[in-house]
Amino acid sequence: MTGLDLRVELSPEQRMLQDAAARYLEKAYGFQERQAIVAAGSDGDAGKWRDFAQMGWLGLPLPESDGGNGGSALDLFLLAQAFGKALAVEPYLSTVVLGAMTVAAAGNAAQRARILPGVIAGRTRLAFGCTEPESGYALLDVQTRARASGDGFVLTGDKSVVLGAASADHLLISARTAGARDSRLGISLFLVDRTAPGVTLRPYGTIDGRRAAEVKLQEVRVGRDALLGELHGAAARIEHAQALGIVTLLGEAVGCLEGALACTVEYHRNRHQFGKPLSSFQALRHRVADLYVAKEETRALCLLAAHAHAAGEPGAAQALAGAKAWVGQAGRHAAEEAVQLHGAIAITDEYVVGHYLKRIIAIDRLFGDTGTALDRYIELGRAADA
Amino acid sequence: MTAVPGTQQPLTDLEDFRREVRAFLAANLSPALAERVKAGFYLDKPELDRWQRALHARGWAGTNWPPEHGGPGWTPMQKYVFEDECAQAGAPILIMMGLNQVAALLMAAGTEDQKRRHLPRILDGSDLWCQGLSEPNSGSDLASLKCPAWREGDEYVVDGSKIWTTAAHWANWCFLLVRTSSDGPKQEGITILLLDMKTPGITIRPIIGLDGMHSLNQLFLDKVRIPVSCRVGEEGRGWPLMKYFLGHERISAAGIWKCKAHFARLTKIARETRRDGRPLIENPRFRDRMAWLEIRMRALEVILLSIIGDSAKAKGAEGALLKLRGTELQQEMLAMMSEACGPYAVPFHPEVLRSGWTGEHVGPEFAATATPFYLFWRKSTISGGSSEIMRNVIAQNLYP
Ligand SMILES: Cc1cc2nc3c(=O)[nH]c(=O)nc-3n(C[C@H](O)[C@H](O)[C@H](O)COP(=O)(O)OP(=O)(O)OC[C@H]3O[C@@H](n4cnc5c(N)ncnc54)[C@H](O)[C@@H]3O)c2cc1C
């Protein structure tokens with residue numbers, strides 16, 4: 001990771017964003033309330049989503065020219081960190097980060113005007129359908145096909161684990177318009193109405209209390225104006241969306257570990273066994289100390305990666321891969337430790353700490369797990385040396 | 001001729017026995033049921049009962065039981081072979097609290113009347129037992145338990161709460177620890193009672209696990225009356241008896257055979273799953289981790305075989321070591337199965353885990369259960385004596 005600026009400093013505005021997010025979520029997003037939102041099964045809470053719009057969060061990273069706040073990837077990271085600690089389940093990642101940011105980057109003026117004001121105001125939701133049943137973590141392995149027909153295209157294929165699909169108004173769908181199954185060239189992105197004829201969803205909950213769906217496209221007709229960005233040229237857009245998605249997930253992971261550490265410290269202070277608080281057992285104090293160390297290391301690596309990405313540094317992609325790999329390994333271990341250190345209560349749905357573990361596991365399984373991210377880290381390091 | 005460790009029994013006999021067990025499993029275990037067990041699906045009570053009846057019909061229900069109570073009277077090695085074969089074959093895992101702990105305790109300390117009343121019904125599966133030991137404020141420090149009970153005539157009146165009671169919603173009997181006196185050290189004043197779950201005053205609150213399933217409960221006992229004839233041992237003298245039978249679960253909780261079965265399944269999954277253009281098992285990083293698990297598993301099996309039948313060691317440092325490491329290895333195997341799901345680890349539909357569900361699952365078949373299974377089994381290093389407590393046991397053995 002040569003050439004990265006390792007001094008990450010937050011601006012006063014960024015500190016204000018952190019404070020505002022922490023204050024709001026602490027007040028409005030307690031764990032019991034979160035559990036009620038999950039139980040309702042409607043992909044986040046409509047009232048909270050309105051609040052997010054009002055706080056300016058739904059337009060936070062979007063360009064000012066589209067009505068957004070023009071925030072950086074680092075701003076996004078900081079907001080996600082607060083979401084992670086609160087275990088917020090609203091479909092922010094799918095609608096704002098993967099969906100709206102891709103529309104903003106790839107869309108023409110008409111598409112941006114059609115979609116983005118609604119997103120910013122909290123009326124429109126998006127989902128990003130770029131994984132397929134056989135693609136694993138390789139987003140450029142695309143078997144869904146779009147063939148030109150009349151004045152538009154016809155799409156057929158399957159998309160898997162599409163976050164927020166059932167509550168989305170529009171789906172961003174990657175499809176092959178040319179080239180072999182895994183070629184970079186020949187992938188195009190389309191905006192498809194979720195209710196268009198030929199689109200069928202199989203919705204389900206996720207381990208981390210959100211909603212996702214398998215999406216089937218059967219001869220779905222879309223107009224020419226559904227093409228998002230260049231024909232055949234969506235690979236770089238998809239990769240960029242993935243990178244920003246990873247920045248968001250890293251922020252959430254840091255928030256999860258902060259939450260897991262805080263609840264463990266608190267629990268050990270109050271729980272007594274053998275006539276003493278658990279916090280007085282040295283064997284346990286050391287484990288909690290290790291949890292703190294892991295949380296700080298995670299924060300350092302993730303913040304660095306978000307900062308490098310925001311600054312457009314050449315080493316950013318490798319920094320993101322390294323942080324993602326770390327979160328899947330050291331982050332998972334830390335969350336498992338937090339569970340272990342609580343005892344039986346952590347195995348239940350009723351208590352918060354197990355949900356941090358669930359979110360960390362989901363984060364690892366999105367956009368490349370530890371192994372895939374580590375491969376990428378090594379590959380990018382080699383490329384940089386060459 | 002080679003002999004079974006610690007015995008004069010020739011190994012060939014053991015191989016004959018292994019064949020006998022295999023033949024039984026082949027004849028009685030349907031492949032569909034075995035597949036569901038291996039995948040970590042929950043079985044419902046009738047399915048578990050059916051399996052216990054099949055074992056009972058063969059005389060194999062109480063693997064630890066001596067012949068005079070209807071057990072097969074197996075040697076420790078035979079028990080080991082039996083468990084090993086059952087796990088490899090995917091036989092249903094029964095709720096063993098009655099068959100193991102309660103039965104052992106009754107045989108050792110129950111009245112003739114209690115033995116006659118309970119043992120046959122435990123063996124044939126008529127009664128399912130749960131264990132009311134832990135309380136909201138007493139977990140690892142079980143002896144600090146508070147659930148108050150006092151005597152009124154021929155009855156004890158119990159007024160308190162128990163938590164983490166596995167299968168209480170299925171059980172018709174509960175093995176209960178209560179406090180009948182608070183004078184003196186905490187180990188004194190604990191009494192063992194047998195509670196008929198039909199007794200008035202019991203409320204069961206379900207507790208949903210991280211896997212979305214219901215196996216845990218909290219019990220509220222509101223002035224529940226239990227006849228004095230349902231006390232095991234003397235009043236206030238329950239703790240020494242408990243200590244005697246608590247250590248027994250360690251070796252089975254270590255579940256080397258479970259490790260082996262999980263490993264076989266992990267291998268199968270890693271062969272069948274493609275990631276980054278090749279089977280997962282050819283990914284050097286994944287393959288190395290699997291190799292380490294296999295190597296570590298072997299060490300445990302050697303240690304287990306070296307202490308098998310030595311109950312002092314089973315309750316000492318060696319048993320603690322086996323519980324500590326065996327559960328860790330299982331957890332890592334389950335974590336790797338979840339990893340093998342890729343993005344399909346994220347969908348979560350607990351309804352799939354229930355018996356009788358016939359819908360179509362999402363993603364590869366193993367993904368339906370892998371992650372919930374991984375999440376719930378984080379419990380194996382907590383229940384049955386946590387890893388930390390196992391380390392305490394080992395340390396106490398090193399610094400007696
Ligand atoms: C799935 C599941 C099923 C269960 N089924 C039953 C059942 O059927 N019946 C029943 O009675 N109970 C049951 N239990 C409860 C189980 O026995 C307890 O979880 C166990 O005794 C630990 O207690 P605890 O959970 O209260 O954790 P605590 O004792 O509060 O411990 C919390 C943490 O501190 C550690 N710790 C505690 N003391 C020490 C120490 N002295 N030194 C170092 N570390 C320490 C523990 O290891 C743990 O990491 C079940 C538990 C689970 C998870």
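Below, read A as the first sequence line, B as the second, and so on, with proteins coming before strands; counting in each chain starts at 1.
- Residue contact with chain B, scored on non-hydrogen atoms closer than 4.5 Å, is absent for A/Arg210.
- Heavy atoms from other residues, nucleotides or ligands lying under 6.0 Å from CZ of A/Arg181 number more than 12.
- When every heavy atom of A/Thr206 is checked against every heavy atom of B/Phe348, the shortest pair comes out as C-CB, 3.3 Å.
- In this structure, A/Asp369 and B/Glu339 approach most closely via the heavy-atom pair OD2-O, 4.2 Å.
- For B/Pro372, no part sits under 4.5 Å from any heavy atom of chain A, backbone or side chain.
- For B/Thr381, the parts sitting under 4.5 Å from any heavy atom of chain A are the backbone and the side chain alike.
- Side-chain contact between B/Tyr344 and A/Glu214 is present, with heavy atoms from C-beta onward closer than 4.5 Å.
- Interface residue A/Ile347: backbone and side-chain heavy atoms are both found under 4.5 Å from chain B.
- Using a 4.5 Å cut-off between heavy atoms, A/Leu284 contacts chain B through its side chain alone, with no backbone atom that close.
- Heavy atoms of A/Ala346 lying under 4.5 Å from chain B belong exclusively to its backbone.
- A/Gln340 contributes atom CD, which lies 7.0 Å from atom CD of B/Gln331 (distance to the nearest 0.5 angstrom).
- Contact of B/Arg378 with chain A is made through backbone and side chain together, with heavy-atom distances under 4.5 Å.
- With contacts defined as side-chain heavy-atom distances shorter than 4.5 Å, the pair B/Asp141/A/His272 does not qualify.
- B/Tyr374 touches chain A through its side chain: at least one heavy atom from C-beta onward sits under 4.5 Å away, while N, CA, C and O do not.
- Nearest heavy atoms, B/Ser140 versus A/Phe274: O-CZ, 3.6 Å.
- Contacts between A/Asp375 and chain B at a heavy-atom distance below 4.5 Å involve backbone atoms as well as side-chain atoms.
- By the 4.5 Å heavy-atom criterion applied to side chains, A/Tyr351 and B/Ile207 are not counted as neighbours.
- Proximity to chain B (any heavy atom under 4.5 Å) is shown, for A/Arg211, by neither the backbone nor the side chain.
- The nearest pair of heavy atoms linking B/Ile382 to A/Ala344 is CG2-N, 3.5 Å.
- Counting all heavy atoms, side chain and backbone alike, B/Pro347 lies closest to A/Tyr204 at CB-CE1, 3.4 Å.
- Only the side chain of B/Arg391 comes within contact range of chain A, judged by heavy atoms closer than 4.5 Å.
- The shortest side-chain heavy-atom distance between B/Glu388 and A/Leu278 does not fall under the 4.5 Å cut-off.
- Checking B/Ser338 against A/Arg365 by side-chain atom types alone, a donor-acceptor pair falls below 3.5 Å.
- Heavy-atom minimum distance, A/Gly136 versus B/Pro343: O-CG, 3.7 Å.
- With hydrogens and angles disregarded, a donor-acceptor distance shorter than 3.5 Å links the side chain of A/Gln273 to the backbone of B/Gly139.
- Of the atoms belonging to B/Ser134, not a single heavy atom falls under 4.5 Å from chain A.
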For side-chain contact (heavy atoms from CB on, under 4.5 Å), just list the numbers for A/Thr348 and B/Trp164, CA-CA rounded to whole Å, side-chain angles, deciding distance to a tenth of an Å, and then say yes or no.
-> CA-CA 10 Å; A/Thr348 74; B/Trp164 317 125; 3.3 Å; yes

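- Between the side chain of A/Lys358 and the backbone N or O of B/Leu210, at least one donor-acceptor pair lies under 3.5 Å.
- Distance CZ/B/Arg275 to OG1/A/Thr372: 6.5 Å, rounded to 0.5 Å.
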